[in-house]
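We use all heavy atoms of the structure for the numbers below, so side chains are in, but hydrogens, waters and symmetry mates are not. First the proteins, then the strands, lettered A, B, ... as listed; each starts at 1.
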Number of protein chains: 2
Amino acid sequence: MSKKDKWPIYVPKPTFERLKKYYAYLMQIDEDYISSDELAKKFNIKPEQVRKDFTYLDITGKPKKGYHIPLLVEELGKLFGTRVLENLIIVGAGNLGSALAKYMGFEKMGVKVVAIFDNDPKKIGSFVGELSVLPLSFLERVIKRFKVRIGIICVPEESAQEVANLLIKKGIKAIWNFSPVPLKVPETIIVENQDITSGILTIKHILAKK
Amino acid sequence: MSKKDKWPIYVPKPTFERLKKYYAYLMQIDEDYISSDELAKKFNIKPEQVRKDFTYLDITGKPKKGYHIPLLVEELGKLFGTRVLENLIIVGAGNLGSALAKYMGFEKMGVKVVAIFDNDPKKIGSFVGELSVLPLSFLERVIKRFKVRIGIICVPEESAQEVANLLIKKGIKAIWNFSPVPLKVPETIIVENQDITSGILTIKHILAKK
DNA sequence: TAGATTGTTAATCGATTAACAATC
DNA sequence: TAGATTGTTAATCGATTAACAATC
């Protein structure tokens, strides 16, 4: 049985996180082959680890050449489901929500922002890129119309849980949470927390030691 | 010897990442005590893990009550160096850079954005919040004047490495990299990568399996 | 006191790394 | 062929968890 037949593909969490990085990097470069050694150097890890990571994918390298990059990109794309297009919506048209709505890199990941919502009457109707800001009363319609399964939460922490509840009620299956609050959701709902400020704590910790 | 005397405080990486989350959460809530069990429930982990994590800090809990929150916040603040103010600069006044420049949550983390730079003549001189966008020729002056050690990179991937080199040349000690490229830097320079789009790959992977 | 909750040791689990045979 | 690089097994390392004694 080939690994292709095993579904879901299991990869350990640390491996999965590294595969994401390899993917982002490999999509950018325009070469035929890359060795585990070269890739490892890029990310300050050991080449053995790169090879081990790739054993979870249905791909093998060539001795003396390395791994075929287009093949790697394709296999990784399958793992991440980037070839299946998903529509997504953003709730919260503040600085961060607006920046995400205008972000150009989503296409490569197979996602598209179809609407942005806010509850501030002053923002509703205004434009963020090509999207006009909608009131929350439009949520249900948009979700049904575009078969949206993913919602991004970009609201202040006080309202994050409330918005999460609403999204779930309206049929959203996965929440990408940019607020710094841990959300309470039913087990069937996927939550991915993206705390964009936590990195500064690592930096300050290291700097403080110097 | 108390743990306070050991410097640098060593914490395993996974523990460190969890401590950041506890910190963000604990700063928000207004209670006296919290038990390892309550905290664990919030983050879907085991209470033993929370207690183990806290053993790395110079703090103990009280049987039957739990951990004193203000004390936790203080100890964690020390670990992350949030009580020492650091000035930081942003390079790249696009959507994301501008959003970060206007971000209100930095103060709590003991950092302040003192300047934002761009090389686009159309952007230079325009305002992002209260800051006017500066040309890169001002970098050196600003870094010296404000004793800046941390620089945020928010430029397109093509120029990320170039900007990193420039920042390092001008004396920056730590780079918070919001571009999706792995940067090549000398060993003495701290790099924290904050790929804000990688979360979507996790979500799509899980959704694809359903 | 009894009960709840901490703190710590030891066992388990899982990921990384070293070593090396296989292969182009 | 010799040499470079992969792929895999086994050893090591480190983190999580279970168990339970200590304590308020």
Run through A:Phe16, A:Tyr23, A:Phe80 and flag the one making a ring-ring contact (aromatic ring centres under 6.0 Å, His included) with B:His205. A:Phe16
Restricting to salt bridge (charged side-chain N to carboxylate O under 4.0 Å, His left out), what partner residues turn up for B:Lys52, sequence neighbours left out? none
Between CG of B:Asp37 and P of C:dG3 the distance, given in whole Å, is 18 Å
Please report, to 0.1 Å, the donor-acceptor pairs under 3.5 Å made by any side chain of residues 101-113 of chain A, with sequence neighbours excluded.
unit_1	atom_1	unit_2	atom_2	d
A:Lys102	NZ	B:Asn95	OD1	3.2

Going by number, which of residues 17-35 of chain A have a non-hydrogen atom under 4.0 Å from DNA chain C? A:Arg18
Result for 5'-nearest mapping on DNA chain C, choosing between B:Tyr67 and A:Gln49, is B:Tyr67
Can you check the B:Ile59 CD1 to C:dT8 C1' distance for me, whole Å? 18 Å
If the test is side-chain contact (heavy atoms from CB on, under 4.5 Å), which one of B:Val133, B:Leu166, B:Leu136 qualifies with B:Phe117? B:Leu136
Please set out all donor-acceptor pairs under 3.5 angstrom arising from side-chain atoms of residues 168-182 of chain B, sequence neighbours excluded.
unit_1	atom_1	unit_2	atom_2	d
B:Lys170	NZ	B:Glu140	OE1	3.1
B:Trp176	NE1	B:Gln194	OE1	2.8
B:Asn177	OD1	B:Ser179	N	3.0
B:Asn177	OD1	B:Ser179	OG	2.9
B:Asn177	ND2	B:Ser179	O	3.3
B:Asn177	ND2	B:Val181	O	2.8
B:Asn177	ND2	B:Asn193	OD1	2.9
B:Ser179	OG	B:Val181	N	3.4

Salt bridge (Lys or Arg N to Asp or Glu O under 4.0 Å): pairs with one or both residues in residues 84-99 of chain B, sequence neighbours excluded: B:Glu86-B:Arg149
So salt bridge (Lys or Arg N to Asp or Glu O under 4.0 Å) across residues 23-38 of chain B, not counting sequence neighbours, yields B:Asp37-B:Lys41
Gap between atoms CD and C1', on A:Glu38 and D:dT6 respectively (whole Å): 14 Å
Quick one: list whatever passes side-chain contact (heavy atoms from CB on, under 4.5 Å) with A:Thr15, sequence neighbours left out. A:Val11, A:Pro12, A:Arg18, A:Leu19, A:Asp53, A:Tyr56
Whenever both distances are under 3.5 Å in a Watson-Crick or G-U wobble pair, mark it; put DNA chain D into dot-bracket that way, with [ ] for crossing pairs and | when the partner is on another strand. ..||||||||||||||||||||||
Between D:dG7 and A:Thr60, is there an OP1 or OP2 to side-chain N/O distance shorter than 4.0 Å? yes
Residues that B:Tyr33 engages under ring-ring contact (aromatic ring centres under 6.0 Å, His included), provided they are two or more places apart: B:His68
Can you list every pair that meets ring pair (Phe, Tyr, Trp, His ring centres under 6.0 Å) and has a residue in residues 152-171 of chain B, with sequence neighbours left out? none
Rounded to whole Å, how long is the line connecting atom CG of B:Asp53 with atom C1' of C:dT8? 14 Å
Would you mind telling me which of C:dT9, C:dA15, D:dT6 lies closest to the side-chain atoms of B:Lys52? C:dT9
Could you tell me the separation between the NZ atom of B:Lys13 and the P atom of D:dA15, rounded to a whole number of Å? 12 Å
Whole Å only: how far is the OH atom of B:Tyr56 from the C1' atom of C:dG7? 13 Å
Starting from P on D:dG7, measure out to CG on A:Leu39 and report it in whole angstrom. 13 Å
Which pairs, with at least one residue in residues 60-70 of chain B and sequence neighbours excluded, count as a salt bridge (Lys or Arg N to Asp or Glu O under 4.0 Å)? none
Rounded to the nearest Å, what distance is computed from the NZ atom of residue A:Lys65 to the C1' atom of nucleotide D:dG3? 16 Å
Assign a letter to each nucleotide of nucleotides 18-24 of chain C from its 5' end: B, base within under 4.0 Å of a protein heavy atom; S, sugar-phosphate only; -, no contact. B----BB
